[in-house]
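Values reported hereafter were calculated over all heavy atoms of this structure, with side chains retained and with hydrogens, waters and symmetry mates removed.
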Amino acid sequence: MDGNGRWAEKRGMPRMLGHAEGGKTFKKIVRHCKDIGIKYVTLYAFSTENWKRSEEEVSGLMKLFKQHINEAKGYAKEKTRIIFLGDKAPFDSEIRSGMLELEEKSAEFDRFTVMMAMNYGGRADIVNAAKRAASMLCNKEIKPEDFDESLIGSLLYTGIAPDVDLLIRPGGERRLSNFLLWQSAYAELYFSNTLWPDFTVKELDRILEDFSARNRRFGGY
């Protein structure tokens, strides 16, 4: 969800107002994804590198996260599963407990899943999976010959979900920025110049039309 800060700066506003507008866009896009039958949607909310931003911006983002986590309890009532990808440990106890509560209360729902990448990095995800696999090996839960793509995939933060079909990067950048690196091995990529607060349901529909016309060969021919 890229471009919130730049959206605000272009309008002479504080960057946090851009993040607040981005939150409104998040709600519209998630709602539309559910309405049109998409089963999994993952949104990059906060990366492992975002802690390097100014103390003021990080603090403001944490306040927004608390607000959105409280509001997200409504999604659970709509039978939406919510999963937070990434290491929860660095967040304060209120955010951590809120995330865990949402995950626990929505765990039984399987029609629509929203995954929020929070303190997430694709490389860290792979390293974490490798550590878990090594621990299983030391505990003799698995054998060396059990190591394969399926095992590593199951140990990633996204273990319950299929690989990425379509990865959309708004905001004008042309890079993955450490997002779902393993899971996006055969993802179709779409780069949009639209800053996230201006991203609309209509643009998403156009991107999905483009995606539907692509020939996905998965390296087979």
Side-chain angles (χ1 to χ4, degrees), residues 1-2 26-27 29-34 36-51 65 68-69 72 75-76 78-91 95-96 98-137 141-142 146-170 175-191 196 204 207-208 211 216 218-219:
M1 298 185 285
D2 194 27
F26 159 80
K27 294 174 188 176
I29 295 301
V30 167
R31 167 66 62 189
H32 186 61
C33 287
K34 182 178 182 181
I36 64 176
I38 291 175
K39 191 167 184 180
Y40 294 92
V41 59
T42 306
L43 298 108
Y44 210 173
F46 193 82
S47 77
T48 49
E49 292 75 33
N50 286 158
W51 296 104
F65 292 155
H68 291 322
I69 285 171
Y75 288 122
E78 296 179 17
K79 298 187 176 181
T80 292
R81 185 173 187 181
I82 300 174
I83 297 173
F84 293 93
L85 312 180
D87 181 8
K88 298 179 179 67
F91 294 108
I95 292 177
R96 285 199 311 273
M99 289 192 288
L100 290 169
E101 179 184 348
L102 281 170
E103 288 181 329
E104 181 181 349
K105 288 187 174 180
S106 66
E108 66 185 78
F109 305 135
D110 59 6
R111 180 188 164 211
F112 180 57
T113 299
V114 176
M115 295 187 286
M116 296 293 299
M118 300 266 289
N119 191 36
Y120 177 87
R123 289 182 173 180
D125 193 2
I126 296 168
V127 169
N128 181 64
K131 287 180 178 178
R132 292 178 65 188
S135 177
M136 292 169 68
L137 182 65
E141 298 172 47
I142 58 173
D146 294 328
F147 277 75
D148 58 15
E149 291 185 12
S150 177
L151 173 66
I152 298 299
S154 71
L155 298 175
L156 296 169
Y157 288 118
T158 55
I160 62 100
D163 284 343
V164 177
D165 289 311
L166 172 64
L167 192 154
I168 302 170
R169 172 86 191 242
R175 55 180 179 267
L176 299 183
S177 294
N178 204 16
F179 182 56
L180 299 177
L181 299 179
W182 177 287
Q183 300 89 332
S184 298
Y186 283 101
E188 294 294 319
L189 308 180
Y190 193 101
F191 299 101
W196 177 249
L204 177 58
I207 294 171
L208 292 173
F211 170 75
R216 305 186 70 199
F218 299 94

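- Residues satisfying the side-chain hydrogen bond (donor to acceptor under 3.5 Å, both in side chains) test with Thr48, not counting sequence neighbours, are none.
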> What do the steps show when you test Val114 against Cys33 for side chain to side chain contact (heavy atoms under 4.5 Å, CB included), and what is the final call?
Replying inline: CA-CA 10 Å; Val114 176; Cys33 287; over 6 Å; no

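- Across all non-hydrogen atoms, the minimal contact from Phe147 to Ala134 is CZ-N, 4.5 Å.
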>> I'd like to know whether Met136 forms a side chain to side chain contact (heavy atoms under 4.5 Å, CB included) with Leu155, so could you lay out the CA-CA distance, the side-chain angles of the two residues, the decisive distance to 0.1 Å, and finally the verdict.
In response: CA-CA 11 Å; Met136 292 169 68; Leu155 298 175; 4.0 Å; yes

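- Taking the side chain as every heavy atom from C-beta outward, Ser177 and Arg169 approach each other to under 4.5 Å.
- Taking CD1 from Ile152 and CZ from Arg132, the interatomic distance works out to 10.0 Å, rounded to the nearest 0.5 Å.
- Applying the salt bridge (Lys or Arg N to Asp or Glu O under 4.0 Å) criterion to Asp165, with sequence neighbours excluded, gives Arg216.
- Rounded to the nearest 0.5 angstrom, Leu151 CG and Ile142 CD1 are separated by 5.0 Å.
- Rounding to the nearest 0.5 Å gives a distance of 9.0 Å between CG of Asp163 and CD of Glu149.
- Within a 6.0 Å radius of CD in Glu104, no more than 12 heavy atoms belonging to other residues, nucleotides or ligands are found.
- In this structure, Ser184 contributes its side chain and Val164 its backbone to no donor-acceptor pair below 3.5 Å.
- Every residue two or more places apart in sequence or in another chain that forms a side-chain hydrogen bond (donor to acceptor under 3.5 Å, both in side chains) with Glu141 is listed here: Asn139.
- Nearest heavy atom pair, residue Pro90 against residue Trp51, reads CB-CZ2, 3.8 Å.
- Shortest non-hydrogen contact noted between Met116 and Ala45 is CE-CB, 3.6 Å.
- Ring pair Tyr186/Phe218 is tilted by interplanar angle, where 30° to 60° counts as tilted.
- In terms of modelled atom types and a separation under 3.5 Å, the side chain of Asn119 and the main chain of Asp87 share a donor-acceptor contact.
- One N or O on the side chain of Tyr44 and one on the backbone of Tyr120 form a donor-acceptor pair closer than 3.5 Å.
- At distances below 3.5 Å, not a single donor-acceptor pair connects side-chain atoms of Arg81 with backbone N or O atoms of Asp110.
- Residue Arg111 holds its CZ atom at 7.5 Å from OG1 of Thr80, rounded to the nearest 0.5 Å.
- Put simply, the side chain of Ile29 does not reach to within 4.5 Å of the side chain of Val41, judged on heavy atoms.
- Of the possible polar contacts, none joining the Asp125 side chain to the Gly122 backbone as a donor-acceptor pair under 3.5 Å is found.
- Residues meeting the side-chain hydrogen bond (donor to acceptor under 3.5 Å, both in side chains) test with His68, sequence neighbours left out: none.
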>> For a side chain to side chain contact (heavy atoms under 4.5 Å, CB included) check, start with the C-alpha distance between Glu78 and Phe109, then their side-chain angles and the critical distance, and finish with the verdict.
In response: CA-CA 9 Å; Glu78 296 179 17; Phe109 305 135; over 6 Å; no

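- In this view, Asp146 satisfies the side-chain hydrogen bond (donor to acceptor under 3.5 Å, both in side chains) rule with no residue, not counting sequence neighbours.
- Residues Ala161 and Met115 approach most closely at CB-CE, 3.7 Å, considering heavy atoms.
- Taking CG of Leu166 as the reference point, atom CG of Leu189 lies at 8.5 Å (rounded to 0.5 Å).
- A pairwise comparison of heavy atoms in Trp196 and Pro170 identifies CE3-CG, 3.7 Å as the closest pair.
- Under the rule for a salt bridge (Lys or Arg N to Asp or Glu O under 4.0 Å), the partners of Lys88 that lie at least two apart in sequence or sit in another chain are Glu103.
- Of the possible donor and acceptor atoms, none in the side chain of Arg123 sits under 3.5 Å from a partner among the backbone N and O of Asn178.
- To the nearest 0.5 Å, atoms CZ (Arg31) and CD1 (Ile36) are separated by 13.0 Å.
- The shortest heavy-atom contact between Phe112 and Ile38 is CD1-O, 3.0 Å.
- When side chains are defined from C-beta on, Leu167 counts as touching Leu176, because their heavy atoms get closer than 4.5 Å.
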>> Using side chain to side chain contact (heavy atoms under 4.5 Å, CB included), reason through Leu180 and Leu85 one step at a time and then give a plain yes or no.
In response: CA-CA 10 Å; Leu180 299 177; Leu85 312 180; 4.3 Å; yes

